[in-house]
Q: 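For reference, the structure I am asking about is given below.
Hydrogens, waters and symmetry mates play no part in the numbers below; they use all other heavy atoms, side chains included. The residues of the chain are indexed from 1 along the displayed sequence.
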Amino acid sequence: MNDERQHKSLWTVTTLPRDFPSLSGHLDVDVAIIGGGLTGLTTAWLLKRAGKKVAVLEMHRILSGQTGQTTAHLTELLDTPYTTLARDFGEKGAHLAASSSRAAIEQIASLVETLGIDCGFTRAPAFRYAENERELRELLHEVAAAKQAGLLATFTKEVPLPFPVRGALRVEDQALFHPREYLLGLADRIPGDGCHLFENTKVVDLHDGAPCRVVTERGTVTAQAVVEATTTPLNRVAMHTKLYPYRSYAVAAPLSGPLEPGQYFDSRDPYHYIRTQQVDSAPYVIVGGEDHKVGAEEDTAARFAALEAYTRDRFPVRRITHRWSGQVIEPADGLPYIGRNVGSRHVYVATGFSGTGMTFGTLAGMLLTDLILGNENPYAALYDAGRVKPRAGARDFIQENAEVAFRFVADRLAKPDGRHLADVAPGEAKILEVDGRKVAVYREEDGTPHAVSPVCTHLGCHVHWNTAERTWDCPCHGGRFSPTGRVLNGPAVKDLPSVKLPAK
């Protein structure tokens with residue numbers, strides 16, 4: 001069957017694909033980079049520019065993972081409020097978080113200009129707005145904290161939205177762009193001068209050492225350093241206790257009325273995030289939200305329906321033209337983990353970007369490049385992958401990991417959805433019990449069944465069916481698999497084994 005993504009983003013369908021070769025045999029480079037998204041491509045280009053020989057290894061097609069499913073906000077307004085950052089990381093830490101985000105936006109602006117990348121990059125303000133008195137009180141505290149952290153922030157009641165609000169935190173000089181057009185501009189410049197970009201090259205094992213060895217299904221790459229530019233690191237148990245996977249949904253629609261270019265965030269929990277973008281000469285509004293823990297929502301299609309209703313109710317649109325969802329990795333203490341992996345000498349990670357992956361992914365490329373080159377970086381300590389902040393996020397850490405332990409046991413003991421293939425209608429997926437063991441079964445519309453083991457190949461939790469995206473999702477650490485068991489998202493590196501069903 002066709003294992004392609006069920007819902008494709010506005011970015012994916014408005015850019016032409018690229019074709020890069022697969023790895024064939026063995027290769028020796030200075031730096032091997034696992035993952036062909038924003039972090040991987042940014043790191044690769046910056047290292048190549050510094051004279052290093054790099055190889056990017058993408059499991060599927062470049063920009064087909066979470067980078068392709070972004071809503072692409074370039075902003076200093078982070079998911080973790082500056083009031084929280086100041087409390088948990090101190091005023092200096094909050095200031096560094098703000099200045100590093102600004103540095104990432106300016107890095108993109110610089111590359112757009114110097115490389116002549118046509119990606120619709122424009123400066124625009126961002127607004128975090130309040131719709132009731134409670135939200136307004138909290139927002140005023142955030143305005144003060146944002147100013148203290150160094151943002152060009154003000155409080156305003158003049159918010160250019162087509163519905164009334166009580167007020168907003170306005171931040172100047174944020175940015176909008178077409179992420180795939182920008183990154184294709186980087187990707188096209190990576191091959192050559194001893195550098196490589198490989199697609200359809202799945203990494204199956206990684207060995208730290210001197211040199212490191214990155215084992216793929218198509219050969220082995222040896223390198224002095226390795227960057228795991230994946231949504232989550234591959235098969236790292238300790239790191240995953242600090243990472244919490246969520247699904248987030250997005251829709252896009254051509255505007256049929258005015259909406260000032262910018263970024264807009266409401267103050268709900270979970271919040272909605274909104275932005276404009278000119279694509280193929282047409283103005284669009286992009287609305288995201290309806291977040292939930294991976295594997296914890298049975299009716300994922302209802303999330304799209306709710307988001308579409310929210311968009312139609314609040315913005316001048318006649319039709320929703322695009323819908324998609326993406327993986328959001330929440331860090332335990334509110335900031336990403338970027339740097340040398342715990343217990344490693346030459347392996348680097350970048351993960352936990354929360355809802356600002358474009359900003360933090362770019363920052364990760366800058367920071368990792370400096371670490372690999374041996375350069376000082378003012379943000380290295382703040383984002384250190386091995387840091388431990390006992391107070392920050394302690395409650396979430398306990399709750400999230402308790403839920404993982406619960407899911408590990410509860411899903412094994414749960415009653416199956418049926419015992420026979422006839423219990424699965426065409427277009428449905430269920431967990432069956434066949435000959436005393438559980439089997440994850442999906443039936444195509446024509447009735448063709450696909451049966452796989454429901455046991456995630458990462459750490460053994462049981463996968464759940466995602467109706468909207470037609471995938472098997474692991475609620476423990478966010479691994480995702482196609483209906484035929486193919487790995488779509490790490491941390492798993494092995495496919496779900498196929499299971500032969502009885503003839504009757």
Q: Taking the inter-plane angle between the rings of Tyr442 and His450 on a 0 to 90° scale, is it parallel (under 30°), tilted (30 to 60°) or perpendicular (over 60°)?
A: parallel
Q: Once side chain to side chain contact (heavy atoms under 4.5 Å, CB included) is applied, do any residues pair with Thr67, and if so which ones, sequence neighbours excluded?
A: Leu38, Leu63, Leu183, Met358
Q: Quick one: OH on Tyr182 to CD1 on Ile108, what's the gap to the nearest 0.5 Å?
A: 5.0 Å
Q: Closer than 4.0 angstrom, basic N to acidic O: yes or no for Asp19 and Arg61?
A: yes
Q: Could you tell me whether the side chain of Thr351 and the main chain of Thr231 form a donor-acceptor pair under 3.5 Å?
A: yes
Q: Which atom pair, heavy atoms only, marks the closest approach of Asp473 to Arg480?
A: OD1-NE, 3.2 Å
Q: With a 4.0 Å cut-off, would you call Arg314 and Asp266 a salt bridge?
A: no
Q: Can you measure from CD (Glu135) to CD (Glu142) and round to the nearest 0.5 angstrom?
A: 13.5 Å
Q: When rounded to the nearest 0.5 angstrom, what distance separates CG in Asp205 from OG1 in Thr216?
A: 11.0 Å
Q: Do Val487 and Phe481 come close enough that some side-chain heavy atom pair is under 4.5 Å?
A: yes
Q: Which atom pairs, donor and acceptor, lie under 3.5 Å between side-chain atoms of residues 425-434 and protein residues at least two apart or in another chain?
A:
{"from": "Glu428", "atom 1": "OE1", "to": "Ala425", "atom 2": "N", "distance (Å)": "3.1"}
{"from": "Lys430", "atom 1": "NZ", "to": "Asp423", "atom 2": "O", "distance (Å)": "2.8"}
{"from": "Glu433", "atom 1": "OE2", "to": "Arg419", "atom 2": "NH1", "distance (Å)": "2.8"}

Q: Is the backbone N or O of Gly262 less than 3.5 Å from a side-chain atom of Thr276, with the two atoms forming a donor-acceptor pair by type?
A: yes
Q: Of all the heavy-atom pairs spanning Trp11 and Gly68, show the shortest one and how long it is.
A: CD1-O, 3.8 Å
Q: Please report, to 0.1 Å, the donor-acceptor pairs under 3.5 Å made by any side chain of residues 74-82, with sequence neighbours excluded.
A:
{"from": "Thr75", "atom 1": "OG1", "to": "Leu77", "atom 2": "N", "distance (Å)": "2.9"}
{"from": "Thr75", "atom 1": "OG1", "to": "Gln174", "atom 2": "OE1", "distance (Å)": "2.9"}
{"from": "Glu76", "atom 1": "OE1", "to": "Arg102", "atom 2": "NH2", "distance (Å)": "2.8"}
{"from": "Glu76", "atom 1": "OE1", "to": "Gln174", "atom 2": "NE2", "distance (Å)": "2.7"}
{"from": "Asp79", "atom 1": "OD1", "to": "Tyr271", "atom 2": "OH", "distance (Å)": "2.4"}
{"from": "Asp79", "atom 1": "OD2", "to": "Ser354", "atom 2": "OG", "distance (Å)": "2.8"}
{"from": "Asp79", "atom 1": "OD2", "to": "Gly355", "atom 2": "N", "distance (Å)": "3.0"}
{"from": "Thr80", "atom 1": "OG1", "to": "Gly334", "atom 2": "O", "distance (Å)": "2.8"}
{"from": "Tyr82", "atom 1": "OH", "to": "Glu76", "atom 2": "O", "distance (Å)": "2.6"}

Q: How long is the span from the CZ atom in Phe121 to the NE2 atom in His178, to the nearest 0.5 Å?
A: 15.0 Å
Q: If you compare all heavy atoms of Pro160 against all heavy atoms of Tyr264, which two are closest, and at what distance to 0.1 Å?
A: CG-OH, 3.6 Å
Q: Check the surroundings of atom CZ in Arg319: do more than 12 heavy atoms from other residues, nucleotides or ligands lie under 6.0 Å from it?
A: no
Q: Enter the distance from Trp324:CH2 to Thr71:OG1 here, rounded to the nearest 0.5 Å.
A: 7.5 Å
Q: Output, in order, the C-alpha distance, side-chain angles, deciding distance and verdict of salt bridge (charged side-chain N to carboxylate O under 4.0 Å, His left out) for Arg18 and Glu58.
A: CA-CA 13 Å; Arg18 295 291 196 275; Glu58 168 55 42; over 6 Å; no
Q: I need the minimum non-hydrogen distance between Gly365 and Thr42, along with the two atoms involved.
A: CA-CG2, 4.1 Å
Q: With a 4.5 Å cut-off on side-chain heavy atoms, are Pro475 and Val294 touching?
A: no
Q: Check whether more than 12 heavy atoms from other residues, nucleotides or ligands sit under 6.0 Å from atom NE2 of His292, and answer yes or no.
A: yes
Q: At their closest point, which heavy atom of Pro491 faces which heavy atom of Gly478, and how far apart are they?
A: CD-C, 4.4 Å
Q: Can you confirm whether the thiol sulfurs of Cys476 and Cys456 sit closer than 2.5 Å?
A: no
Q: Locate the shortest heavy-atom distance separating Ser248 from Asp291; write the atom from each residue and the value.
A: OG-OD1, 2.6 Å
Q: Verify the ring-centre separation between Phe265 and Tyr273: is it less than 6.0 angstrom?
A: no
